[in-house]
There are 2 protein chains.
Amino acid sequence: MNPASVTSQNFRAIDVIRKKRDGGELSRQEIESLVNAYTRDDIPDYQVSAWLMAVVLRGMSRAETAALTDAMLRSGEVLDLSSLRASKVDKHSTGGVGDKTSLVLAPLAAAAGVTVPMISGRGLGHTGGTLDKLEAIPGFNVNLPVTQFRRVLEACGCCMIGQTAEIAPADRKLYALRDVTGTVESPYLICASIMSKKLAEGIDALVLDVKTGSGAFMKNEKDAAFLAELMVETGERMGKKVVALITDMDQPLGNMIGNALEVVEVIDILHGRGPEDLRRLCLELAGWMLYLGGVAINVAEGKKRSEQLIASGEALQRFRQMVELQGGDVRAIDDPKRLPQSEHTMKVSAPRGGYVASLQCEQIGTACVVLGGGRERKEDSVDPAVGIVLHKKVGDSIALGEPLATIHYNSEDRATRAHELIQASYRISDSANPEKRQLIHRVIGIAQENN
Amino acid sequence: MNPASVTSQNFRAIDVIRKKRDGGELSRQEIESLVNAYTRDDIPDYQVSAWLMAVVLRGMSRAETAALTDAMLRSGEVLDLSSLRASKVDKHSTGGVGDKTSLVLAPLAAAAGVTVPMISGRGLGHTGGTLDKLEAIPGFNVNLPVTQFRRVLEACGCCMIGQTAEIAPADRKLYALRDVTGTVESPYLICASIMSKKLAEGIDALVLDVKTGSGAFMKNEKDAAFLAELMVETGERMGKKVVALITDMDQPLGNMIGNALEVVEVIDILHGRGPEDLRRLCLELAGWMLYLGGVAINVAEGKKRSEQLIASGEALQRFRQMVELQGGDVRAIDDPKRLPQSEHTMKVSAPRGGYVASLQCEQIGTACVVLGGGRERKEDSVDPAVGIVLHKKVGDSIALGEPLATIHYNSEDRATRAHELIQASYRISDSANPEKRQLIHRVIGIAQENN
């Protein structure tokens, strides 16, 4: 439908603001009119920010959330990938520290016969971003036009790019406004922002990885589950198969944090090596992608198939192919020493012996930003070479003076500040903590008998 | 204090927005920084509107409300009337239909020896405005510069003007934004808006007339009392004597609605004639002004003195003097037929006999706007001559066909629409309603033993 045709002649932004302010439920038409008018610059920022704050404090019904998602989705182009025969499945994570699963999952699911049209974002604050990680590979181009995106998808079954100007322009405009008006933190607005972009990819199914813990946006599981349910229901209302896994982000995922270092760990995983937590989460998410994509009869089968594709080298081969098609230097995949390297490294030693009781995860992410590996503001550029390698994680025993982590840095001053943050983020206790947090807390949205 | 000096270098609007969004209490410094930065155009409308919506939905503490009032007050000039020996007292009404008490009270209190530096507003929506009424007097100038305002005050003890650019510029900016962002309806913001302007007049005491009923902004008494208490406490925190009377606006005050017609009724009251309800309310409010202004030992004494000043003609004489000093044609005061007259009149007849059970007051106000006597939008101009004269009010008996009201009009089409509204606003019942609403519901703020 043409945006203009759904905007009522009689639409008045002030009425919609007042209705939401007073706790009323907005109609699909009212939400569409507001989003369309804002996208066309027909209503000013100051009215929309008042409305956004009313949404933050009054909430939205499921129908309103779906209507908002739909209006934002239709504010721009929806990719038509119907010419590709395979089922189109994507994965989205709400963001964390050391979360590099996307780089494993896209080629892995593609190797299994699923098409993965993945549009990702950049890192901001303490969390990393998929695009920054990909750009650590020399030559890798994340800014492909849609025609070329389609060509790469056809050739190797997966392609990883950044958001284009054509996709969900309403979200871009709304997000920029939310960022400066204290209206980011609303599950309804977060849901509409994520789902409008993901569904604009023209996918059939979506696996959501909703993080919870000290390194996640949703620190407690209740909030994470609420957002997960909201996104699953919104996706279902729009005719898509959606599942959400609530997964742990109380410590970094894997051992490496920092853009090039994370690519190294991705290559390790695709070689059948790498840390156990990262490997397990990749297989779990891949299992779901294969099941929802119709190439496995259940999740267990999907996981098994994924393990085989790693063991056989087919997943790595697919990654190599995607890197090549997107202009990246495949020699850096074959020999990770060719990835950007920092000039210096520095150890962070344990100030006492004992066991790692917890790891303040957000602080580890912030330490990576301090090193130059992430962004405090959107305009900042990132240094792909810097980062942190963790040698000890929760539950590990440690002796006094033994290294907890290694800092990869290019600036002495930054390294000193990162060192402090990392050392302070480790809590070491005398006894091993008997309670260990589960890696996968809950699955929301698809009947469990399939698992 | 210079506004710049109180704005912290580290002030970030987003932090203040988030804090209020999350239900926190803002410090005086945070509120001052926000108001000062906005007045200087250092922060954009869209951040302030998000903050305003958070205030509407989260509310404010008494300390926050006083800090906001103070910051808005100090955003501009505070009149220094200390050279005038008499006590400076003003009256403010939250607005209603047929409320012309200000035109009676300013000269009446001045005749008693109180100085009344009154800065008023224009009508908007169903309520009238003091400035529009004054401008119905040919030549009357409400746009005096401060120097001339002071000269008129010195000469006759009262002066009535519109808001100047120097007074509370933060309020003007904030009100314009609230008007278009659905953030008008907050008692905290209403309180700060009213009190910042009134206290910028350099007064010692203030009598507030907070209206309640079908023609008031606060339809129920609970809301009116809440706003009244807020304004009284805010004024007291700023070292002023403040009292609030909750008075009835369930039917128009007096019998005349419309700018020139209301001036006619003011002259009637000052002649010791006019409708009983208007006369009683004027005396009550005047009693409080005289008591707070220190020229009467209690309110009863103040009322008595006011009655005498009307009976002796001194109050009318003072009104005549003020009109003359502000450029108005005093012949129109001596002979009200010289005030603007409409071309036509039309009766509104009773569709049945019985008793007037109620009068939908807001609708009567709207009928006057429809005739051209008020404004739907700020930019509209008003026709001083049109209006409505009520012949029957609540409790009056009426025979079928007897006139309920007379419409004074200049456009047939508008008169037809007003006729419908007026007729529909009368509810006529078979029996006289035994319960009659009190004219003065409650007094808030000053110990009752003085009354």
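Quick note on labels: first sequence line is chain A, next is B, and so on, each numbered from 1. Quantities reported herein were computed from a predicted structural model and do not represent experimental measurements.
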Exercise for the section: Considering non-hydrogen atoms only, spot the tightest contact between Met218(A) and Ile190(A) and give its length. Expected result: CE-CD1, 3.8 Å
Fill in the blank from the handout: Okay, Val180(B) and chain A: the region with an atom under 4.5 Å from a heavy atom over there is both
Output all donor-acceptor pairs under 3.5 Å across chain B and chain A; consider backbone as well as side chains.
residue   : atom : partner   : partner atom : Å
Arg21(B)  : NH1  : Gly182(A) : O            : 2.7
Arg21(B)  : NH1  : Glu185(A) : OE1          : 2.6
Tyr46(B)  : O    : Ser49(A)  : OG           : 2.6
Gln47(B)  : NE2  : Val180(A) : O            : 2.7
Ser49(B)  : OG   : Tyr46(A)  : O            : 2.6
Ser49(B)  : OG   : Ser49(A)  : OG           : 2.6
Val180(B) : O    : Gln47(A)  : NE2          : 2.7
Gly182(B) : O    : Arg21(A)  : NH1          : 2.7
Glu185(B) : OE1  : Arg21(A)  : NH1          : 2.7

Exercise for the section: Under 4.5 Å, counting heavy-atom pairs only, tell me which of Leu52(A), Ile17(A), Leu57(A) racks up the most with chain B. Expected result: Leu57(A)
Fill in the blank from the handout: Nearest heavy-atom approach of Gly182(B) to Ile14(A) is N-CD1, 3.1 Å
Handout entry: By side-chain contact (heavy atoms from CB on, under 4.5 Å) - contacts of Ala244(A) (at least two apart)
Key = Leu208(A), Val210(A), Ala228(A), Val232(A), Ile444(A)
Completion exercise
Output for pair (Leu227(B) CG, Ile194(B) CD1), nearest 0.5 Å, gives 5.5 Å
Problem - Interatomic distance, Leu73(B) atom CG to Met195(B) atom CE [nearest 0.5 angstrom] - result: 10.0 Å
Exercise for the section: List the atom of Pro252(A), the atom of Ile364(A), and the distance in Å for their closest heavy-atom pair. Expected result: CG-CG2, 3.9 Å
Completion exercise
Residues Ala418(A) and Ala367(A): closest non-hydrogen pair is CB-O, 3.8 Å
